[in-house]
Amino acid sequence: MTSDLFPAGFLAEGSRIEFDNGEERIPGIRVLRASDKAATLSMALDDVPPAGATVTLRGPAGPRGRYAVRCSVTSTDENRVELRPLGPPELEQLRHYVRGGGGESVVLARPGEREAIGWVHDISESSIRAHFTDVDLRPGAEMTLRVQLAEDVVEFTALATKVSAIRQRVPVRGPLIVELVAVFEQDERQAKMIRRYVLRQQVARARDTA
């Protein structure tokens, strides 16, 4: 397939792509058929969008990043979804986020739950690793995190991707220590604040080491 709308190999039969319906991104969606003007996908029934919906398909574009193509849902038949592209693909660059920091205060908030205060192990523009005491968390949980970065405060909605817990037992039985890894999307203003803070921390540590 060599269309300018669907790049070569992007929707090859049997390939897997990411399906973005505007509310969630669903990975691993299988391509059944594709041409330069249409594509057919196989999806779980609960994920099938209504006819007329506008969605985004994403797939790899080599080391440069990934392709994103906006499409219209033309029809559905049980778990099959027919789409047509609305325009040429866009290339979304994969950014290599700078990670650093450590020791900053972070507040975890969830509806109906008491706020918990923890500390940051490290942070980047797209993810955070933090530790809390005696909180009940599971992978997939959504939360709001508020982090103090020197004179700046950033706040964002995050999704837990990894949670591990261990109870202190030495020298005496103590609290449950929970390590959380969560991902998030930032607006550019807050992304710059995080990036600036992490880079300042790296420069300061390099200066102390020297």
Q | Hydrophobic cluster identity match, Leu159 and Val120, side-chain contacts under 4.5 Å | A | no
Q) Out of Val106, Leu108, Thr161, which residue meets the side-chain contact (heavy atoms from CB on, under 4.5 Å) rule with Leu180? A) Leu108
Q. Which ILVMFWY residues are connected to Val181, directly or by a chain of links, through side-chain heavy atoms under 4.5 Å apart?
A. none
**Q.** Stepwise side-chain hydrogen bond (donor to acceptor under 3.5 Å, both in side chains) test for Ser127 and Arg99
**A.** CA-CA 9 Å; Ser127 66; Arg99 176 179 294 278; 2.3 Å; yes
Q) Would a hydrophobic clustering, with Ile, Leu, Val, Met, Phe, Trp and Tyr connected at side-chain separations under 4.5 Å, put Ile128 with Trp119? A) no
**Q.** Phe19 side chain near Pro27 side chain, heavy-atom distance below 4.5 Å
**A.** no
Q. How would you list, by chain and number, every residue that makes a side chain to side chain contact (heavy atoms under 4.5 Å, CB included) with Pro50, sequence neighbours excluded?
A. Ala53
**Q.** Leu137 vs Arg110 side-chain heavy atoms within contact, under 4.5 Å
**A.** yes
Q. So how far is it from Asn79 CG to Asp46 CG, rounded to the nearest 0.5 Å?
A. 11.5 Å
Q.
Glu185 vs Gln190, test: side chain to side chain contact (heavy atoms under 4.5 Å, CB included). Steps then yes/no.
A. CA-CA 10 Å; Glu185 293 188 4; Gln190 292 200 132; over 6 Å; no
Q. If you link I, L, V, M, F, W and Y whenever their side-chain heavy atoms are under 4.5 Å apart, who else ends up in the same group as Val107?
A. Ile117
Q. Which atom names give the shortest non-hydrogen contact between Leu149 and Met193, and what distance separates them?
A. CD1-O, 4.5 Å
Q) Between Ala182 and Ala158, what is the shortest heavy-atom contact and its length? A) CB-CB, 3.9 Å
Q: Would you please name every residue forming a side chain to side chain donor-acceptor pair (under 3.5 Å) with Asp136, sequence neighbours left out?
A: Arg138
Q | Nearest-0.5 Å distance, CZ of residue Arg58 to CD1 of residue Ile29 | A | 13.5 Å
Q) With hydrophobic residues grouped by side-chain heavy-atom distances under 4.5 Å, do Val147 and Leu199 end up in a single group? A) yes
Q. Going through the distances and angles, do Glu24 and Asp47 end up as a side chain to side chain contact (heavy atoms under 4.5 Å, CB included)?
A. CA-CA 10 Å; Glu24 63 176 331; Asp47 295 329; 4.1 Å; yes
Q. Should Val81 and Ile26 be counted in the same cluster of Ile, Leu, Val, Met, Phe, Trp and Tyr side chains packed under 4.5 Å apart?
A. yes
Q.
Can you confirm whether Leu32 sits close enough to Arg80 that some side-chain heavy atom of one is under 4.5 Å from a side-chain heavy atom of the other?
A. yes
Q) CZ/Phe156 to CE/Met143 distance, rounded to the nearest 0.5 angstrom? A) 10.0 Å
Q: Would you give the length of the straight line joining atom CZ of Phe184 to atom OG1 of Thr144, rounded to the nearest 0.5 angstrom?
A: 12.5 Å
Q. Can you pull the salt bridge (Lys or Arg N to Asp or Glu O under 4.0 Å) pairs that have at least one residue in residues 140-160, sequence neighbours excluded?
A. Glu115-Arg146, Arg146-Glu155, Glu151-Arg200, Asp152-Arg196
Q.
Just checking Glu90: does its CD atom have more than 12 heavy atoms from other residues, nucleotides or ligands closer to it than 6.0 angstrom?
A. no
**Q.** Phe132 versus Ala116, closest heavy-atom pair with distance
**A.** CE2-O, 3.8 Å
**Q.** Rounded distance (nearest 0.5 Å) linking atom CZ of Arg30 with atom OG1 of Thr40
**A.** 11.0 Å
Q: Side-chain contact test, heavy atoms from C-beta onward, threshold under 4.5 Å: evaluate it for Leu41 versus Leu83 and give yes or no.
A: yes
Q | side chain to side chain contact (heavy atoms under 4.5 Å, CB included) evaluation trace for Val154 with Tyr197 | A | CA-CA 11 Å; Val154 293; Tyr197 175 80; over 6 Å; no
Q. Would you call Arg33 and Glu13 a salt bridge, using N to O less than 4.0 angstrom?
A. no
For residues 69-76, please give each side-chain donor-acceptor pair under 3.5 Å, one per line with the distance, not counting sequence neighbours.
from, atom 1, to, atom 2, distance (Å)
Arg70, NH1, Thr56, OG1, 3.3
Thr74, OG1, Glu82, O, 3.2

(Q) Any non-hydrogen side-chain atom of Leu176 less than 4.5 Å from a side-chain atom of Ile166? (A) no
Q. Got a second to check how far Ser164's OG is from Ile177's CD1, nearest 0.5 Å?
A. 11.0 Å
(Q) I'd like to know if the side chain of Glu18 reaches the main chain of Asp20, judged simply by a donor and an acceptor atom lying under 3.5 Å from each other, with no hydrogens or angles considered. (A) no
(Q) I'd like to know whether Arg84 forms a side chain to side chain contact (heavy atoms under 4.5 Å, CB included) with Lys37, so could you lay out the CA-CA distance, the side-chain angles of the two residues, the decisive distance to 0.1 Å, and finally the verdict. (A) CA-CA 6 Å; Arg84 62 175 176 83; Lys37 296 181 180 179; over 6 Å; no
**Q.** Joint cluster assignment, Val153 & Leu145, ILVMFWY side-chain distance < 4.5 Å
**A.** no
Q. Do the side chain of Glu104 and the main chain of Gly102 share a donor and acceptor less than 3.5 angstrom apart?
A. yes
